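Everything below concerns the one structure shown next.
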Amino acid sequence: MDTGALLERFHAGEVRALARAITWVESGYPEGQDLLKRLRRRGNAKLIGLTGSPGAGKSTLSDRLIEALRKRGETVAVLAVDPSSPFTGGAILGDRIRMMRHHGDPGVYIRSLASRGALGGLAGATVASLSLLEAFGFDRVLIETVGVGQSEVDIARVADTTVLILTPAAGDAVQAFKAGVMEIADLFVVNKFDLPGGERVVQELKTTLELATARPGGWKPPVLTAVAPKGEGIEALVEALDAHYAHLQERGLLEADRLERARFEVESVIQEWGRRRTHSHPRLIEQVAAGQLSPEEAAQQLLGTGSLEGVSH
Ligand SMILES: Nc1nc2c(ncn2[C@@H]2O[C@H](COP(=O)(O)OP(=O)(O)O)[C@@H](O)[C@H]2O)c(=O)[nH]1
Ligand SMILES: [Mg+2]
């Protein structure tokens, strides 16, 4: 199928066209780039980032969120990015069950990706996939990422609202403080609140947040609790998501969010180009290693005025 035909079906709201489009973009096919160029539509989904350690309950929570949001009549897409999943490119078991549960509901689309960005953050293709979901017209797009290093920082740049999911497990909160995620999460959820130690984590979080620097527009990140498999805490989470979005709107912060996301998207492309070019021009790299060229001179030669052949896909 060519791009034009796919685009037509995409705009007609065919989920299979959406799925194909994401595959093109994700696999780095030239058709994917062509599609993104011709899309010229952003949509206006509310983008929610869910991040946290593997096993924290991100997928279970998002499953419950889908349910709650569908009850309100919103359409929901979920992009689950799990580079740690051994099932490359596929969904892990929990995600499969979740997908089956919502199968047949045209207002829900769930997709798992296994890609990782150059520096362990979100891959450019992942962000492009988000744009596709948004352009398709979903009201909400949830993006689930395993909270390791760069990916949390990236997700905060891409999402309107970033939710950090913690558990009472020893060290979980400490890890959050270390990684500096405290500053980027808009909401905190202590999931698995049915397990011992939850109240302590909540108190630790609250204490730390009181000392933290003020957020844009004076937002005070709430600390919520949940028992995801039972659906406990989901209503409060949906309300908190709404409250944060309303805050962004009232303070005129959404526009800045969109700009930051666009900046991230462009940076991702530049990074990807750079990575490919350094691999396709080993001589230049050797010259840098030998001290014959400065890294900046080499970069200028790689990215400067030349054509983009061998780079764009
Ligand atoms: N006891 C308990 N188990 C939970 C809770 N939330 C999730 N789990 C379980 O924790 C495991 C990992 O959950 P999952 O949603 O796949 O975590 P993810 O890796 O963050 O997506 C699953 O076996 C869930 O059933 C909770 O609130 N309490
Ligand atoms: Mg998961």
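All ligand and atom numbering here is 1-based and tracks the order in the structure. In this text, all values refer to a predicted model and were calculated from it rather than measured experimentally. Note that these values count all heavy atoms, side chains included, but never hydrogens, waters or copies made by symmetry.
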Atom pair CG (N191) and CG (L61), whose distance is rounded to the nearest 0.5 Å: 4.5 Å
Hey, is ligand 1 close enough to A56 that some N/O pair sits below 3.5 Å? yes
Closer than 3.5 angstrom, by distance alone: can the side chain of T75 be matched with the main-chain N or O of D139 as a donor-acceptor pair? yes
Heavy-atom distance to atom 26 (C) of ligand 1: which of G57, S53, P229 wins? P229
Enter the distance from L211:CG to K206:NZ here, rounded to the nearest 0.5 Å. 14.5 Å
Would you indicate which of L195, N191, D194 comes nearest to atom 2 (C) of ligand 1 when only heavy atoms are counted? D194
Only residue of V78, I48, V81 satisfying side-chain contact (heavy atoms from CB on, under 4.5 Å) with E144 is V78
Roughly how far apart are I66 CD1 and I110 CD1, rounded to 0.5 Å? 4.0 Å
Taking S27 for the side chain and Y29 for the main chain, is one N or O donor matched with an acceptor at less than 3.5 Å? no
Using 30° and 60° as the class limits, which term best fits the ring planes of F10 and F136: parallel, tilted or perpendicular? perpendicular
Judged by heavy atoms only, the candidate from T51, I165, T60 nearest atom 7 (C) of ligand 1 is T60
Could you tell me if any non-hydrogen atom of G52 lies under 4.0 Å from any atom of ligand 1? no
Please work out, at 4.0 Å between heavy atoms, whether the side chain, the backbone, both, or neither of A228 comes within that distance of ligand 1. both
Restricting to N/O/S atoms, is S59 within less than 2.8 Å of the Mg ion (ligand 2) or not? yes
Just going by heavy-atom distances, which of K192, E144, R64 is nearest to atom 8 (N) of ligand 1? K192
Should one rank K230, E232, K58 by closest heavy-atom distance to atom 18 (P) of ligand 1, which comes out on top? K58
